[in-house]
Chemist: 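Structure below; questions to follow.
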Number of protein chains: 2
Amino acid sequence: MKAPRPRLRDVAQAAQTSTKTASRVINGDERVSASTRARVEQAVQDLGYRPDPLARSLRLGQDETIGVVVDEVGDPFFASVIGEIERMALDRGISVIIASTRRLAERERIVLDGLLQRRVAGLIIASISDNHAYLRTSPCPLVFIDRAAADLAADAVVVDDRGGARMAVEHLMRHGHRRIAYIGDRLDTATARSRLTGYRDALDAAGIAPDDALIAEVEPAKGDAGVAAETLLRLQDPPTAIFSANTRCSLGTLPTVHRLRRTDIGFVSFGDFAMADTITPAITIVDHSPELIGRLAAERLFSRLAGEEPPVETIFAPLRVVPRGSGELGPL
Amino acid sequence: MKAPRPRLRDVAQAAQTSTKTASRVINGDERVSASTRARVEQAVQDLGYRPDPLARSLRLGQDETIGVVVDEVGDPFFASVIGEIERMALDRGISVIIASTRRLAERERIVLDGLLQRRVAGLIIASISDNHAYLRTSPCPLVFIDRAAADLAADAVVVDDRGGARMAVEHLMRHGHRRIAYIGDRLDTATARSRLTGYRDALDAAGIAPDDALIAEVEPAKGDAGVAAETLLRLQDPPTAIFSANTRCSLGTLPTVHRLRRTDIGFVSFGDFAMADTITPAITIVDHSPELIGRLAAERLFSRLAGEEPPVETIFAPLRVVPRGSGELGPL
DNA sequence: CTGTTAGCGCTTTCAA
DNA sequence: TTGAAAGCGCTAACAG
């Protein structure tokens, strides 16, 4: 009793025309007479015809799907980025396949390979790897986010990591801090390296000698950030302020800061997070706007998918310090 | 100069056999002679052949992809659920397409339709709609999460919303509260209704007459929760405690509670969130474990995809109160 | 403006 | 055990 889904052929038959003409109508080809068009449209209605995206993709050699590859879907920053991309994609009837690298270059490779194999129409990538040779001949447009690809001429939407970190640290210095700790990711990404460089820039400019004891490179996924914070705060000559180079580090560090009742310390986070404005003191951040990054990346990708060919570009999303309290505390 | 990707035919040719035999080898069919198999495998190696998933799906009438439909990807609860599902899927070489309903039944319909059209192998759905008639003849297995489908015999992974809400409110009562406010979603989902019912259950059992002035049904996406909290706290006869029926409501309510300096109030949140343990007082929650829900849902779906046919079941993920401070404050 | 034919890359009869 | 041919549903050529 169950009717099989109608095929284009059925529509054509019902409309007394050929499949190709029916196809034309469905794809909005102008060169069809009004009457034929009407008949086909009627048939589509009557039969409840819906084109099969799989067949279409196979024929076209390309899927109406984009891939988004990030560190981890559960990461609040990437969750927001993805949310925005998905929102924009859905409005265009494009599906989004997501995949996480878990910050493993090897896994990134596998995931991208699979996506390419599927012939996704485009890819938005927060790459953890520094070797993109296999993407050089990518059959689809690529937009990198958060981290530009150093070895590939591809669009990217990033922030000025170095400048932002410097802003953060200078903000703390402006409030009297001179002994400022750095907690950030291991230096296996350019992003992490740039932020550390920005930190050093700020110290340099102020004529402060950097102290390696104040620099913690951690694996935030493992909860190392909290441990690092405790170590820092228990130093003989502890910092009066902490600059946390990303959201995950902030999320790891703050529970420790609070547990040790050291909320008197200066604190600036590169990247916002839920409740940052509600905890006491509220956390001063360098605003990162994941939604904006998602939107810029998606716009760029869609414009390429639409056939536009703007020059390859690295777009810098704006960055600003949002003072909320923790960054304005003076030393002692 | 660019070599087109090798097709099955090329492999067959190189192995001096037919496409069908090559196909058999690739799909692990036993009925191939060892020597032929070896030749084919060699050819696959040499050519770097990778089967085209699109063509495969078209032929098989099914895609090695599952769809996950949630309210909003950026919602921390769903972000974690998705993260876990994606993790499990990737281990099996299955892709995950995600889509948000933004809590719009109409949009849910469109999104599911698109996914079905794509012939996804299975679907995990946090449904906002209460009409699933069009899914009754779904060609693929369905697992509902967070909210079971009342009008459909399908697997579901949920929590005991009613019991959990009751637990939360009773926890507050155990600490002396009798005037307890409820802030939750509009009652357009069974989940919201059950949680409100659980709230009423607890009051009933304690012989407390419910006061409608203490019940706020809000649209958390719109920031209504904060407004509702302010209204509640400014009542003539204000509540001494608030039960927030979900994470989004908590995230909306707490900034207001803090802004009004009413952190003396009792507070329990249905659902955990970042920093809940760090703000002062730390927030007592009913733990919800999104990862577990994601895992259970994915396991169930994959077992059906593997051809197992366990009886349709609604699985209840465990729930427990995690006391952290805010729920243990007494009145006044 | 329209239709026929071929074929995307794969798997599946069914016969050898 | 193997292979030829058909076809999943669609669209691009190209002729009419």
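This structure is a prediction, so every number in the text was calculated from the model and none was measured. Reminder, nothing fancy here: chain letters follow the sequence lines and each chain counts from 1.
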Chemist: Does a sphere of radius 6.0 Å around CZ in B:Arg9 hold more than 12 heavy atoms from other residues, nucleotides or ligands, not counting ones at 6.0 Å or beyond?
Modeler: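 At most 12 heavy atoms, drawn from other residues, nucleotides or ligands, come within 6.0 Å of this atom.
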Chemist: Apply the side chain to side chain contact (heavy atoms under 4.5 Å, CB included) test between B:Ile125 and each candidate in B:Val143, B:Ile145, B:Leu135; give the one that qualifies.
Modeler: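 Passing option: B:Leu135.
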Chemist: Please answer whether the main-chain N or O of B:Ile128 pairs with a side-chain N or O of B:Arg103 as donor and acceptor at a distance below 3.5 Å.
Modeler: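 Not confirmed, B:Arg103 side chain does not pair with B:Ile128 backbone.
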Chemist: Who are the ring pair (Phe, Tyr, Trp, His ring centres under 6.0 Å) partners of B:Phe78, not counting sequence neighbours?
Modeler: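 Ring pair (Phe, Tyr, Trp, His ring centres under 6.0 Å) list for B:Phe78, sorted by chain: empty.
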Chemist: Which part of the nucleic acid does B:Thr17 contact within heavy-atom distance under 4.0 Å: base, sugar-phosphate only, or nothing?
Modeler: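 Sugar-phosphate, no base atom in range.
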Chemist: Can you list every pair that meets salt bridge (Lys or Arg N to Asp or Glu O under 4.0 Å) and has a residue in residues 125-139 of chain A, with sequence neighbours left out?
Modeler: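 The answer is none; no pair qualifies.
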Chemist: Would you say that more than 12 heavy atoms from the other residues, nucleotides or ligands in this model lie under 6.0 Å from the CD of A:Gln16, or not?
Modeler: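 At most 12 heavy atoms, drawn from other residues, nucleotides or ligands, come within 6.0 Å of this atom.
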Chemist: Closest heavy-atom contact between A:Arg118 and B:Ser95?
Modeler: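 Heavy-atom minimum between the residues: NH1-OG, 3.4 Å.
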Chemist: Pairing donors with acceptors under 3.5 angstrom, does anything connect the side chains of B:Thr36 and B:Arg24?
Modeler: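 The answer is no; no qualifying pair exists.
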Chemist: Using a heavy-atom cut-off of 4.0 Å to chain B, what are the terminal contacting nucleotides of DNA chain D, in 5' to 3' order?
Modeler: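 For DNA chain D, the relevant span reads D:dT1 to D:dG9.
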Chemist: Hey, what do you get for CZ (A:Arg56) to CD (A:Glu64), rounding to the nearest 0.5 Å?
Modeler: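 These two atoms lie 6.0 Å from each other.
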Chemist: Give, ordered by number, those residues of residues 34-46 of chain A having at least one heavy-atom distance below 4.0 Å to an atom of DNA chain C; if nothing qualifies, reply none.
Modeler: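 Nucleic-acid contacts, sorted: A:Thr36.
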Chemist: Sugar-phosphate means primed atoms, P, OP1 and OP2; the rest is base. With that split, encode nucleotides 6-16 of chain C 5' to 3' as B, S or - using protein heavy atoms under 4.0 Å.
Modeler: BBBBBBB----
Chemist: List for me each residue that meets ring pair (Phe, Tyr, Trp, His ring centres under 6.0 Å) alongside A:Phe77, sequence neighbours excluded, and say none if there are none.
Modeler: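 Testing A:Phe77 for ring pair (Phe, Tyr, Trp, His ring centres under 6.0 Å), a comparison that skips the adjacent residues, returns A:His288.
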